Amino acid sequence: MSLPLANPSVERDLLARGIESDCTYFEMGAQLEQLEGATVAWMPGLTRSPAAAVVHRVDPEAIASGGAGWIASAEAAMANVGAALCRIYLDGRHKLADDMLRNAGYAARDELIFVDALPESSINLTLCPVATDADWAEKLSFHKAAGGTPDGHGNGPADWVELERRKCSAGMEAFLARLDGEVVGAVGAIWCDKFVRTKNLVVHPDHRGRGVAQAMLGGITALGRRRGTPEQCVVAVKGEKGELLYRRLQMPMIGYQVEWSKPIAGGAR
C-alpha cells in the first residue's frame, strides 16, 4: 500500500474524492435536474434500467427538513423521467434522514469505498480498449454470456452496454480483458484527481476464482502508473463478492456511502 492512510485528513480527502468520482460517473452522458438539496441524473431512453437514473449530491438536511414532501418530490422527479426504481444516495448515515427514508419504504445498502495501488498480476491478461463498433458488439456478447450487471440491479445487457457507451463518449474508458485470446472480463475506468476510479468490473462465470478480477485491477493500476496516477478507487456493496475480493487483496477501506432504493410507479422513456 502506498497511501499514508494513518493521516485522518488524507482519509477524509480520499473519501470525498471517492464519493465525487461516483457523482462524476452518474453525470457522465446524463441530463441533470435540480431538486431542493439534491440533483437528479438520468440518461434519456435508458431509465428502464436502474443504473441510468439516480438522486445524488443530496444534502441530508433537505430530507430532514422537507420530510415526506421532499421524498415525494424526489419520487415524482424520478417517475417523470421514466424510472421504476428511486435510488437516493447519501454520503453516510444521517439519523433523521435515514428514519424518514426507512419509514417511507426505502431499503438501504452500504457501498464501501477502497483506495490502494495494487501490483500487477502474474496472469498473462491483456486489457483491450473498447473503441470501435465491433468492440462494442463484442462487449455486448460478453455481457449476454456473463449474465447480471456489476451494480447488483436488474439491468438488461443491451441497456447496460449502451449506458457505458454513452459514458465513454463523455470521458470514461471501457476495456475487455483477454486471456489467451478469449474475453474473460470487462472493466471501466474514470481518471480523477489523485486516482483512477475503477468501475463496472465483471468476470465471466466460467473464469471466476482464477485471479482474473485481481489481474484486471492490477492492469488498471499499471495503466494508471504509466499516466502518473497509480492509486485506484473501487466501491463494493457491503457483504457482496466485491467486498470479499478487495478485503482479500488487503485494500484499505476509507469509508462508505449509502444507497437507499424503493420501487416506484414510473414509465420508461
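Just the heavy atoms: all of them, side chains too, but no hydrogens, waters or symmetry mates, feed the values below. Predicted model only: the values in this text are computed from it and were never measured.
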In one Ile/Leu/Val/Met/Phe/Trp/Tyr side-chain cluster, 4.5 Å: Val161, Ile190: no
Using modelled atom types only, decide if a donor and an acceptor are shared between the side chain of Asn155 and the backbone of Thr149 within a distance under 3.5 Å. no
Same apolar cluster (I L V M F W Y, side chains within < 4.5 Å links), Leu163/Met172: yes
Contact between His204 and His207 at the side-chain level, heavy atoms closer than 4.5 Å - yes or no? yes
Side chain to side chain contact (heavy atoms under 4.5 Å, CB included) between Val40 and Val54, intermediate numbers included: CA-CA 6 Å; Val40 179; Val54 300; over 6 Å; no
Hey, does Leu249 have a side-chain heavy atom less than 4.5 Å from the side chain of Gln214? yes
Min side-chain heavy-atom separation Leu112-Val235 under 4.5 Å: no
If we only count heavy atoms from C-beta on, is the Trp260 to Val258 side-chain gap below 4.5 Å? yes
Tell me whether Lys262 contacts the main-chain N or O of Ala107 through its side chain, where contact means a donor paired with an acceptor under 3.5 Å. no
With hydrophobic residues grouped by side-chain heavy-atom distances under 4.5 Å, do Met253 and Tyr246 end up in a single group? yes
Checking Arg93 side chain against Leu90 main chain: does a donor-acceptor pair fall under 3.5 Å? no
Would you indicate whether Glu36, at its atom CD, is surrounded by more than 12 heavy atoms from other residues, nucleotides or ligands within a distance under 6.0 Å? no
Single hit among Lys167, Arg227, Arg165 for salt bridge (Lys or Arg N to Asp or Glu O under 4.0 Å) with Glu173: Arg227
When you compare the side chains of Thr39 and Arg57, does any donor N or O come within less than 3.5 Å of an acceptor on the partner? no
Is it true that a side-chain atom of Asp59 and a backbone atom of Glu61 form a donor plus acceptor pair closer than 3.5 Å? yes
Cut-off 3.5 Å, side chains only: do Asn103 and Asp99 have a donor facing an acceptor? no
Side chain to side chain contact (heavy atoms under 4.5 Å, CB included) between Val58 and Trp70: does it pass, once the steps are laid out? CA-CA 11 Å; Val58 177; Trp70 187 94; 4.2 Å; yes
Using a distance-only test with no angle check, is there a side-chain donor-acceptor pair under 3.5 angstrom linking His153 and Glu259? yes
Under the side chain to side chain contact (heavy atoms under 4.5 Å, CB included) rule, what do Leu14 and Phe195 come out as? Steps first, then yes or no, please. CA-CA 9 Å; Leu14 284 171; Phe195 57 65; 4.0 Å; yes
Is the NZ or CZ atom of Lys238 both under 6.0 Å from the centre of the six-membered ring of Tyr256 and within 45° of that ring's axis? no
So does Asp22 pair up with Arg17, basic N to acidic O under 4.0 Å? no
Are any non-hydrogen side-chain atoms of Pro150 and Leu201 less than 4.5 angstrom apart? no
Do Lys199 and Glu164 meet the salt-bridge criterion of a basic N to acidic O distance under 4.0 Å? no
For the side chain of Thr229 and the backbone of Arg225, is there at least one donor-acceptor N/O pair under 3.5 Å apart? no
Ignoring hydrogens and geometry, is there a side-chain-to-backbone donor-acceptor pair from Asn80 to Ala76 under 3.5 Å? yes
Under 4.5 Å between side-chain heavy atoms, hopping through other hydrophobics if needed: is there a path connecting Leu176 to Trp160? no
Assign the ring pair Phe26 / His56 to parallel, tilted or perpendicular, where the plane angle (0 to 90°) is split at 30° and 60°. perpendicular
Could you tell me whether Glu182 and Arg178 make a salt bridge, using a distance below 4.0 angstrom between a side-chain N and a carboxylate O? no
For residues Trp136 and Val184: do they belong to one hydrophobic cluster (side chain heavy atoms under 4.5 Å, members Ile, Leu, Val, Met, Phe, Trp, Tyr)? no
Donor on one side chain, acceptor on other, Arg87 and Tyr89, under 3.5 Å: yes
Return yes if a side-chain donor-acceptor contact under 3.5 Å exists between Asp159 and Ser49, otherwise no. no
Intermediate values then yes/no, side chain to side chain contact (heavy atoms under 4.5 Å, CB included), Leu127 and Val187: CA-CA 9 Å; Leu127 292 182; Val187 67; 4.2 Å; yes
Just checking, any donor-acceptor pair under 3.5 angstrom between side chains of Glu33 and Trp42? no
How far apart are the closest heavy atoms of Lys144 and Pro157, and which atoms are they? CG-CB, 3.8 Å
Is there a donor-acceptor contact under 3.5 Å from the side chain of Gln232 to the main chain of Leu217? yes
Side chain of Glu138, backbone of Ala134: donor and acceptor closer than 3.5 Å? no
